[in-house]
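Quick notes on the structure that follows.
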Number of protein chains: 2
Amino acid sequence: MTRPATRPLTLRDVSEASGVSEMTVSRVLRNRGDVSAATREKVLRAAKQLGYVPNKIAGALASQRVNLVAVIIPSMSNMVFPEVMTGISRALEETDLQPVVGITDYLPEKEEKVLYEMLSWRPSGVIIAGLEHSDASRAMMAAAGIPVVEIMDTDGTPIDAAVGISHRRAGRMMGQAILEAGYRRIGFMGTQLGADHRARKRFEGFTEALAKGGVEIEDREFYANGSALAKGREMTQAMLERSPELDFLYYSNDMIGAGGLLWLVEKGYDVPGKIGLAGFNDVRLLQGLPQKLATMDSCREEIGRRAAEMITARLTDPDAPGGKVELSPKINRGDTLRSR
Amino acid sequence: MTRPATRPLTLRDVSEASGVSEMTVSRVLRNRGDVSAATREKVLRAAKQLGYVPNKIAGALASQRVNLVAVIIPSMSNMVFPEVMTGISRALEETDLQPVVGITDYLPEKEEKVLYEMLSWRPSGVIIAGLEHSDASRAMMAAAGIPVVEIMDTDGTPIDAAVGISHRRAGRMMGQAILEAGYRRIGFMGTQLGADHRARKRFEGFTEALAKGGVEIEDREFYANGSALAKGREMTQAMLERSPELDFLYYSNDMIGAGGLLWLVEKGYDVPGKIGLAGFNDVRLLQGLPQKLATMDSCREEIGRRAAEMITARLTDPDAPGGKVELSPKINRGDTLRSR
DNA sequence: GTGAAAGCGCTAACAT
DNA sequence: ATGTTAGCGCTTTCAC
């Protein structure tokens, strides 16, 4: 329970303790240039003994280099972004770059603020979720003079580069698969469309595919907050009481889909005989449910990894490709989407 | 898809563009000191027009102040730490401090590395999970000369201050509650005890309480990785095939408990008549399961909030209380722990 | 292989 | 209300 009020140590302290110039101490601590084994020893010993921790602020200012990558995402409690982070971290582990995360809560104003904060630390690159940003945000990123990779979505024009999937296409694919399986009376449940552009695009693609088959969504319901599992359960019950004729339910994410599935199984519905189900994301968390929900892989970890790789590539070679990288999500039919 | 190679703007650029000294520009941008409305206008216009983003690196070096709080936690995909983060963020939102997160993956060496990295940015404070750290880590934190709050656990001696619950006591409480309810033949499932000190302490407290009642755990099983829900299901099945006489299963976390619950309900077990269940954490995510699992609130958001408040308090007043704050988790009996 | 000088972009402290 | 000076703790550059 002690807290010494000592001023943090500086290079100078190590220099004095070891009898070596500050410059050489700096070289040793960064493994730079030629330093004799003897002085290296001396310096390292002194540094460790004092408990010296370098001041990166001063280092960054002097070298004009900051080994940080700003990662800006809407949320962390979403099951999807932690996996993106895993991909990013893995890819950066082999480099000397470090990810630093900012959360926007799906609010454009907050995104702008977080971006401003992060850019003021002069990171080496930016990885940011989505293609929709305020004008100010876009301007900041364009002006920062660093690689910027927009992730998760490819339906739009990136500022600099993008890696993701087409959510519109993902929605279309699921719509087609459902029609091909023979379902016709379809209900939709999801988050309130608005802040979440990717959910909206999936919804648009979905309705588009249905329309092409001459089918329209017969019922829909949206939710804002609360436990997704519980919401899925509640919304499913409400919808089936209202529209008992439905033979398929498309959920905008796996969690509410799982809630719906649990309710249906509990009530003795024949899934997928009487009614089929599908979600989105392929969250690993849900392995272990009584039945496996049909879903679609959103390539989260790969997106993170590729984004980080694009940053490092453009850092070593400013003319590295960039552009848009569209990954191909696959449908996983699980146990709840079967031809009938 | 453009990326101008322009050098980042400096205060000097804004100064020249506005015809005001660098110092006054700095004052305006930080809302410091008296600046006439007229010059303030001029400066703000120029800054915005140029798209100037201050360089916090230089600012921090000059002012010797960094408005960052290092938050060091084992994992983000755990359901528990995102909620701690929520508490921290909420509490810091009212201040000018910002949380920066580092992940240790429950590895002491990684904790040490992450800590070193973060401290080298000279944060204003540290919030770190757990009371168990390597000697080097403890030394670094003690030497940093900043407030350090260790969270989640109070079974041990903090470096500087701590907020959390006693996991040993939590385990004991659950053990007592189970005995009082009349269960006697008890099985335990959890993560491999080792890296996760808090799970280990709960287990110790649990067995201790049982021992006091003359009861011993009859079967146990540990897992390392994989989907927790699926693991809970598998382990439960394996354990009940091995030890069909069990009348209670205590899980070290809610996710595996939920997996077990789903399997039991599916197999037609009478829960809690024939067999009772309990988990730990009270994760909100699980609202929506067929039955509500007995569990114990781990006070995650409050812990985060209190920790952040302790940091701010000790920043304004270096002699602010500190010490150990032990919160009191409550048992939530749900539908799976009933007197018999 | 090692050291000395200059300066990174800001802000504290002191003018005016 | 505004400007000037010095310097934060490092690294770059150049000298030896």
Side-chain angles (χ1 to χ4, degrees), chain A residues 6-44 46-47 50 52-68 96 117 119-124 144-145, chain B residues 6-44 46-47 50-68 96 116-117 119-124 144-145:
Chain A
T6 52
R7 131 192 95 63
L9 297 162
T10 69
L11 216 42
R12 173 178 219 118
D13 295 308
V14 182
S15 166
E16 286 171 358
S18 62
V20 176
S21 78
E22 283 187 44
M23 198 52 238
T24 301
V25 172
S26 169
R27 284 192 182 100
V28 171
L29 265 22
R30 287 176 300 144
N31 303 309
R32 274 266 160 58
D34 296 317
V35 182
S36 74
T39 45
R40 148 172 263 98
E41 258 324 285
K42 259 195 298 188
V43 169
L44 254 19
L50 293 172
Y52 172 69
V53 177
N55 185 331
K56 287 218 184 195
I57 297 174
L61 184 60
S63 66
Q64 304 280 63
R65 264 184 283 100
V66 179
N67 294 328
L68 261 25
D96 58 349
E117 285 298 323
L119 288 180
S120 71
W121 287 101
R122 301 287 187 263
S124 292
Chain B
T6 50
R7 134 192 92 65
L9 298 163
T10 68
L11 259 190
R12 174 179 218 118
D13 295 307
V14 182
S15 165
E16 285 171 358
S18 62
V20 176
S21 80
E22 283 187 44
M23 197 54 234
T24 300
V25 172
S26 170
R27 285 192 181 99
V28 171
L29 264 23
R30 287 176 301 143
N31 302 309
R32 275 265 161 56
D34 296 317
V35 182
S36 75
T39 45
R40 149 172 263 97
E41 257 325 285
K42 258 195 299 189
V43 169
L44 254 19
L50 293 173
Y52 172 69
V53 177
N55 185 333
K56 287 218 182 194
I57 297 174
L61 184 61
S63 67
Q64 304 281 59
R65 265 184 283 98
V66 179
N67 294 329
L68 261 26
D96 58 350
Y116 186 82
E117 285 298 324
L119 288 180
S120 71
W121 287 101
R122 300 285 187 267
S124 293

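Note on naming: letters A, B, ... go to the chains in the order of the sequence lines (proteins, then strands), and numbering restarts at 1 for each one.
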Between the axis at one end of the helix from dG1(C)-dC16(D) to dT16(C)-dA1(D) and the axis at the other (five pairs apiece), what's the angle to 10 degrees?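 Overall, the helix from dG1(C)-dC16(D) to dT16(C)-dA1(D) bends by 30° from one end axis to the other.
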For [X] and [N], give me the distance from atom [atom1] to atom [atom2], rounded to whole Å.
X	N	atom1	atom2	value
Ile57(B)	dT11(D)	CD1	P	13 Å
Arg122(B)	dC8(D)	CZ	P	14 Å
Gln64(A)	dG7(C)	CD	P	14 Å
Asp34(A)	dC16(D)	CG	C1'	15 Å
Glu22(B)	dA6(D)	CD	P	15 Å
Met23(B)	dC10(C)	CE	P	11 Å
Leu9(A)	dC8(D)	CG	P	16 Å
Arg32(A)	dG1(C)	CZ	P	16 Å

Taking side chain as C-beta onward, heavy atoms only, is Pro8(B) less than 4.5 Å from Val53(B)?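 Side-chain contact under 4.5 Å: no.
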Should Thr10(A) and Glu16(A) count as side-chain neighbours, where that means a heavy-atom distance under 4.5 Å?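 Not touching, per the 4.5 Å side-chain cut-off.
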Counting just side-chain N and O atoms, does [X] come under 4.0 Å of either OP1 or OP2 of [N]?
X	N	value
Ser36(B)	dT2(D)	yes
Ser21(B)	dT4(D)	no
Thr39(B)	dT2(D)	yes
Ser26(B)	dT11(C)	yes
Tyr52(B)	dG9(C)	no
Thr24(A)	dG3(C)	yes

For a quick check of understanding: with a heavy-atom distance under 4.0 Å over all strands, which category does [X] fall into, base, sugar-phosphate or nothing?
X	value
Asn55(A)	sugar-phosphate
Arg65(A)	sugar-phosphate
Arg30(B)	sugar-phosphate

More than 12 foreign heavy atoms under 6.0 Å from CZ of Arg30(A): is that the case here?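 Yes, the 6.0 Å shell around CZ holds more than 12 heavy atoms from other groups.
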Exercise: identify the closest heavy-atom pair between Ser18(A) and Val25(A):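 Closest pair (atom of Ser18(A), atom of Val25(A), distance): OG-CG2, 4.1 Å.
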Work out which heavy atom in Leu50(A) is nearest to a heavy atom in Asp13(A); give both atom names and the distance.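 Minimum heavy-atom contact is CD1-O, 3.9 Å.
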What is the distance from atom CZ of Arg122(B) to atom CG of Leu61(B), rounded to the nearest 0.5 Å?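 Taking CZ in Arg122(B) and CG in Leu61(B), the distance rounds to 10.5 Å.
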Which residue, Ala62(B) or Ala62(A), contacts DNA chain D at a nucleotide closer to its 5' end, judged by nearest heavy atom?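 On the 5' side of the pair lies Ala62(B).
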Could you say whether Val20(B) or Ser63(B) is positioned toward the 5' end of DNA chain D, judged by the nucleotide with the nearest heavy atom to each?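 The residue mapped nearer the 5' terminus is Val20(B).
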Tell me the side-chain hydrogen bond (donor to acceptor under 3.5 Å, both in side chains) pairs involving residues 50-64 of chain B, sequence neighbours left out?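 Applying side-chain hydrogen bond (donor to acceptor under 3.5 Å, both in side chains) to every pair that reaches into residues 50-64 of chain B, excluding sequence neighbours, yields Glu117(A)-Lys56(B).
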Going by modelled atom types, is there a donor-acceptor pair between the base of dG3(D) and the side chain of Arg27(B) at under 3.5 Å?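 Per atom types, the contact qualifies.
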Would you check, one step at a time, whether the test side chain to side chain contact (heavy atoms under 4.5 Å, CB included) holds for Val28(A) with Val20(A)? CA-CA 10 Å; Val28(A) 171; Val20(A) 176; over 6 Å; no
